[in-house]
Protein chains: 2
Amino acid sequence: MSLRMLILAIVEAKPSTGYAITKEFDAVAGFFWRASHQQVYRELAALADEGLVRFKDVAQEGRPDKKVHAITVAGRRAFAEWYAQPQDIPRLNDPLMVKVFTGELGGVDNLIEQLSAARAQHLDKLAMLEAIQREHYPEAPADMPRWKQLVYLTLCWGLARERAWLQWAEQSEALLRG
Amino acid sequence: MSLRMLILAIVEAKPSTGYAITKEFDAVAGFFWRASHQQVYRELAALADEGLVRFKDVAQEGRPDKKVHAITVAGRRAFAEWYAQPQDIPRLNDPLMVKVFTGELGGVDNLIEQLSAARAQHLDKLAMLEAIQREHYPEAPADMPRWKQLVYLTLCWGLARERAWLQWAEQSEALLRG
DNA sequence: ATTTGGTATGCAACCAGGTGCATATAAGCC
DNA sequence: GGCTTATATGCACCTGGTTGCATACCAAAT
């Protein structure tokens with residue numbers, strides 16, 4: 001559901017092709033959602049089927065034809081309905097926590113290795129997010145236009161999550177080693 | 001994969017029925033993984049099929065018969081193999097962040113409502129986890145037996161996550177209101 | 001007597017997401 | 001001529017998880 005609605009919001013802001021939407025995911029929406037191009041195309045087809053978007057075939061020179069999708073009135077209505085619905089808390093199935101939980105069977109030494117490997121990955125991710133913050137969001141949040149504030153908040157959540165995870169991991173490794 | 005392995009670890013610690021495993025999920029493993037009884041039974045059947053667990057039918061008086069599942073040698077081997085594999089970082093598809101991102105189309109007032117509703121839910125969850133901590137883990141972590149430390153660490157991650165989320169939400173609401 | 005709640009197991013259908021593969025055009029490079 | 005990269009779209013299959021339903025036994029409460 002969220003993927004459909006995210007796509008609707010993207011084509012509302014600017015009529016787009018599946019390809020462009022996928023690029024959007026790789027860039028900014030990647031802070032909080034991942035989607036492959038197959039998923040995007042599949043969802044666009046379903047949305048067009050239900051009349052929530054409509055598309056025009058656009059011939060191009062020097063590259064393949066494309067389908068530009070735009071939101072419809074029904075699409076706006078569906079989005080507004082969804083937006084008003086209360087949201088379930090996301091489910092929390094975390095493979096690494098399974099390894100922590102089963103650490104005695106797996107071996108505590110192996111667990112410590114897993115933790116520090118994961119820590120390296122999370123450090124990378126944090127560094128990446130911090131670089132984006134420095135480059136694209138250096139000003140005070142209160143001075144940003146609304147749309148930018150909203151994207152910035154999703155970035156902030158990524159930063160907060162990574163920092164909290166790293167703090168937890170450090171304490172955990174210390175406890176297991178000590 | 002993680003679900004299979006979690007089940008393997010549970011039946012390794014103590015041969016169990018699907019019903020008991022489901023109860024285990026509702027209780028302790030619920031800090032970091034959710035699974036319905038259907039999922040558990042399906043996975044147990046698959047595990048038995050592949051020879052990673054074996055089961056005995058046990059007749060009971062006063063209640064239905066049950067199947068007690070235990071891990072096999074092949075099961076231990078499969079677990080050890082999986083445990084050594086590096087873990088992917090979990091995917092981060094968060095419906096609430098979609099609402100933040102699409103807040104202009106959805107309406108900022110509606111977004112603020114969504115945020116405070118979510119905040120109430122996260123506060124409840126935090127209170128629940130803190131109650132568990134007070135009741136079951138009052139002693140210093142260093143004094144706990146290993147198995148208890150490991151469960152405690154998964155609880156700590158839940159606590160850290162909820163606290164980080166709440167902090168983020170407060171700042172976000174302030175920014176959007178101010 | 002009937003309902004509720006706990007124990008115990010399972011099927012069928014569906015939905016969301018991921019993997020692998022396929023196709024087509026064209027620019028630029030070696 | 002063949003390689004890679006970028007644009008652009010899509011199918012088929014598989015896995016993992018959810019929903020709804022079904023069955024059966026028994027105890028305790030109403």
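Numbered from 1 within each chain, the chains take letters A, B, ... in sequence-line order.
B:Gln39 comes within 4.0 angstrom of a base, heavy atoms only.
When the ring-ring contact (aromatic ring centres under 6.0 Å, His included) test is applied to A:Phe31, no partner is found at least two apart in sequence or on another chain. Judged as a salt bridge (Lys or Arg N to Asp or Glu O under 4.0 Å), and not counting sequence neighbours, B:Arg42 has no contacts. Under the rule for a salt bridge (Lys or Arg N to Asp or Glu O under 4.0 Å), A:Arg63 has no partner lying at least two apart in sequence or in another chain. Annotation: salt bridge (Lys or Arg N to Asp or Glu O under 4.0 Å) contacts of A:Glu139 (sequence neighbours excluded): A:Lys148. Legend: residues meeting ring-ring contact (aromatic ring centres under 6.0 Å, His included) with B:Tyr152, ordered by chain and number and at least two apart, are B:Tyr137.
Residues from residues 1-14 of chain A with heavy atoms under 4.0 angstrom of DNA chain C, sorted by number: A:Met1, A:Leu3.
In the hydrophobic clustering (ILVMFWY side chains linked at under 4.5 Å, chained through shared members), A:Leu92 stands by itself. With side-chain heavy atoms closer than 4.5 Å counting as contact, directly or through intermediates, the hydrophobic cluster containing B:Val58 also holds B:Val68. Hydrophobic side-chain contacts under 4.5 Å tie A:Tyr41 into a cluster, directly or through other members, with A:Tyr19. Through direct or indirect side-chain contacts shorter than 4.5 Å among Ile, Leu, Val, Met, Phe, Trp and Tyr, B:Val73 is connected to no other residue.
The CG atom of A:Leu8 sits 10.0 Å away from atom CG of A:Leu3, with the distance rounded to the nearest 0.5 Å.
In summary, contact between chain B and DNA chain D, defined as any nucleotide atom under 4.0 Å from a heavy atom of the protein, begins and ends at D:dG16 to D:dC26 in the 5' to 3' direction.
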A correct 5'-to-3' footprint of nucleotides 7-12 of chain C, with B, S and - meaning base, sugar-phosphate only and no protein heavy atom under 4.0 Å, is BBBBB-
